Amino acid sequence: MRAGDGRGRRRLPLSLRRGAVAWERQRPTWRDARPALIAGALKRAQARPSGNWYVVGASRDVGGDRPLGRTVAGREVVVWRDAGGRVVAGPGVCPHLGAPLRDSPVRCGTLVCHWHGLSLDGGPFAGWEPFPAYDDGVLVWVRLDAVGGEEPLDAPMVPRRPVPARALSAVYAGVGVCEPEDVVANRLDPWHGAWFHPYSFVDLTVADAPDGSGGPAAADEDAFAVDVSFKVAGRLVVPVRAVFTAPEPRTVVMHITEGEGVGSVVETHATPLGPDASGRPRTAVIEAVVAASDRRGFALARAAAPLLRPLVRAASGRLWRDDLAYAERRWALRSTGRFPGA
């Protein structure tokens, strides 16, 4: 019986791993992880439209008496909620004398510049022009047409997610010295999972991968299907099938399609920030985990969401400590003409 077969499902989502082998004795995956295959998947992802939308943070981080300040591709951006609770966004530079609006307070939905009191309610005023903003309930997006240069879309390409009322969500954010393509390329290489992250993944097999022979393809047709077990403790694991797709140039989505938590999703979004003091590119990884389960006990997990979110973020952070090293190494080799994978 496959992990996702609903008949005779175990009372607990755990399995006892049998035939376990040491890390160094697992089957090598380097022949399967063909550089041309990964590069082709990345190229097709980069050709898909984004509509100039960029993820800037978690929905729950926008609110209160301070705006969310971000730099996207060198542009200062501020995001806050107006008096009606709607997300609004715009340049982070005050049009008067250039004050950093990210340091200014929000009062009754109005952003008040702390230098001279210029007040912004989210509409055009005194040379300040808003950016289109979108709150999908988990993440906040901003549309920057001057940065993206694509045909604008009215809304971002939000992946399919579980019903919010039945899900638990958490958002991790980290920054690396690399470009968005390096983050996306990392996620389009599922073969590294059990080798690079042995503390989390075992028994990983890529069951299906695109070969790109058919030319451009829709994201849901251009997918990697992976059978993998998440480690719990000792030989206890949770086996699942996960499908990876790239719906737009800066996003890779993992859907659980079989096994425990069917319908759960992990979205990895890469947002360019701008150069550091040495002129190297910096990219924010903003990863949303939206988990769901039809087990009775999951209602208790949702109720304990404030306690569980830090744990989920910590787990994501541990993985991204390694994966950002992968992305940064890829960029360092690319930028010096030494990268062997393209």
Side-chain angles (χ1 to χ4, degrees), residues 38-39 42 45-46 50 52-58 61-62 66-80 89-94 97-104 114-115 131 133 139-150 156 171-189 192 196-197 246 248-252 267-288 313-314 316-342:
I38 297 169
L42 174 63
Q46 291 176 314
S50 73
N52 304 325
W53 289 96
Y54 297 82
V55 172
V56 294
D61 290 341
V62 181
R66 292 283 174 178
L68 175 66
R70 290 287 185 265
T71 299
V72 180
R75 306 290 182 93
E76 292 182 52
V77 176
V78 285
V79 186
W80 74 97
V93 178
C94 180
L97 286 175
L101 293 176
R102 70 174 63 195
D103 297 331
S104 296
H114 65 299
W115 277 18
F131 299 139
L139 299 170
V140 170
W141 308 64
V142 172
R143 199 182 80 196
L144 300 175
D145 295 336
V147 172
E150 299 179 18
V171 178
Y172 161 82
V175 176
V177 176
C178 60
E179 294 178 332
E181 76 161 73
D182 301 299
V183 172
V184 173
N186 167 270
R187 304 302 283 153
L188 295 178
D189 168 18
H192 76 269
F196 205 36
H197 309 295
E248 55 113 86
R250 292 176 294 276
T251 298
V252 177
E267 303 172 15
T268 303
H269 303 272
T271 299
L273 301 180
D276 65 10
S278 300
R280 303 175 303 174
R282 296 165 63 248
T283 294
V285 173
I286 303 173
E287 185 163 273
R313 284 195 295 268
S316 295
R318 186 181 186 188
L319 289 167
W320 275 107
R321 178 191 62 198
D322 292 341
D323 280 339
L324 274 173
Y326 174 120
E328 289 180 329
R329 172 70 173 177
R330 186 180 187 275
W331 176 81
L333 293 175
R334 285 197 306 111
S335 65
T336 54
R338 297 179 293 143
F339 182 57

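Atom set for the values below is all heavy atoms of this structure, side chains included, hydrogens, waters and symmetry mates excluded. In this chain, numbering begins with 1 at the start of the sequence shown. In this text, all values refer to a predicted model and were calculated from it rather than measured experimentally.
- Inter-residue side-chain proximity for W53 and T251 is flagged as unmet; no heavy-atom pair is nearer than 4.5 Å.
- In plain terms, the two heavy atoms of R102 and T71 that are nearest each other are NH2-OG1, 3.2 Å.
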Discussion item. Quick one, R280 with S278, criterion side-chain hydrogen bond (donor to acceptor under 3.5 Å, both in side chains). Give me CA distance, side-chain angles, the key distance, then yes/no.
Written reply: CA-CA 6 Å; R280 303 175 303 174; S278 300; 4.7 Å; no
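- Closest non-hydrogen pair, P340 versus L333, comes out as CD-CD1, 4.4 Å.
- At distances below 3.5 Å, not a single donor-acceptor pair connects side-chain atoms of T271 with backbone N or O atoms of V56.
- For the atom pair L188 CG and T268 OG1, the distance stands at 10.0 Å (nearest 0.5 Å).
- Panel note: side chain E150, backbone S50; a donor-acceptor pair is recorded below 3.5 Å.
- P156 has its side chain out of reach of E248: every pair of non-hydrogen atoms, C-beta onward, lies at least 4.5 Å apart.
- Annotation: the span from R250 atom CZ to E181 atom CD amounts to 12.5 Å, rounded to 0.5 Å.
- Side chain of N52 to main chain of G149: a donor-acceptor pair is present (N/O by atom type, distance under 3.5 Å, no hydrogens or angles).
- In this structure, the side chain of E287 does not engage the main chain of Y172 through any donor-acceptor pair within 3.5 Å.
- Across all non-hydrogen atoms, the minimal contact from V78 to P67 is CB-CB, 4.3 Å.
- Judged by distance alone, the side chain of R66 and the main-chain N or O of D103 form a donor-acceptor pair under 3.5 Å.
- When all heavy atoms of A89 and V142 are compared, the pair lying nearest together is CB-CG2, 3.8 Å.
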Practice prompt. Would you check, one step at a time, whether the test side chain to side chain contact (heavy atoms under 4.5 Å, CB included) holds for L139 with E267?
Written response: CA-CA 10 Å; L139 299 170; E267 303 172 15; 3.7 Å; yes
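- Taking all atoms of both residues into account, the shortest heavy-atom contact from L101 to P91 is CD1-O, 3.6 Å.
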Discussion item. For a salt bridge (Lys or Arg N to Asp or Glu O under 4.0 Å) check, start with the C-alpha distance between D182 and R330, then their side-chain angles and the critical distance, and finish with the verdict.
Written reply: CA-CA 6 Å; D182 301 299; R330 186 180 187 275; 2.8 Å; yes
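- The minimum heavy-atom distance between I38 and A185, with the atom names listed, is CG2-O, 4.1 Å.
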Worksheet item: What's the verdict on side chain to side chain contact (heavy atoms under 4.5 Å, CB included) for F196 and D323, showing C-alpha distance, side-chain angles and the deciding distance?
Response: CA-CA 9 Å; F196 205 36; D323 280 339; 3.9 Å; yes
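- For W141, the ring-ring contact (aromatic ring centres under 6.0 Å, His included) partners two or more places apart in sequence, or in a different chain, are H269.
- No option in V79, V77, V72 other than V77 meets the side-chain contact (heavy atoms from CB on, under 4.5 Å) test with F131.
- Looking at heavy atoms from C-beta onward, V183 lies in side-chain contact with C178 at the 4.5 angstrom threshold.
- Applying the side chain to side chain donor-acceptor pair (under 3.5 Å) test to R70 and every residue at least two apart in sequence or in another chain returns nothing.
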Practice prompt. Show the numbers, then the answer: is there a side chain to side chain contact (heavy atoms under 4.5 Å, CB included) between N186 and H192?
Written response: CA-CA 9 Å; N186 167 270; H192 76 269; 3.7 Å; yes
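- Y54 places none of its side-chain heavy atoms less than 4.5 Å from the side chain of I286.
- Between W331 and P281, the closest side-chain pair of non-hydrogen atoms falls below 4.5 Å.
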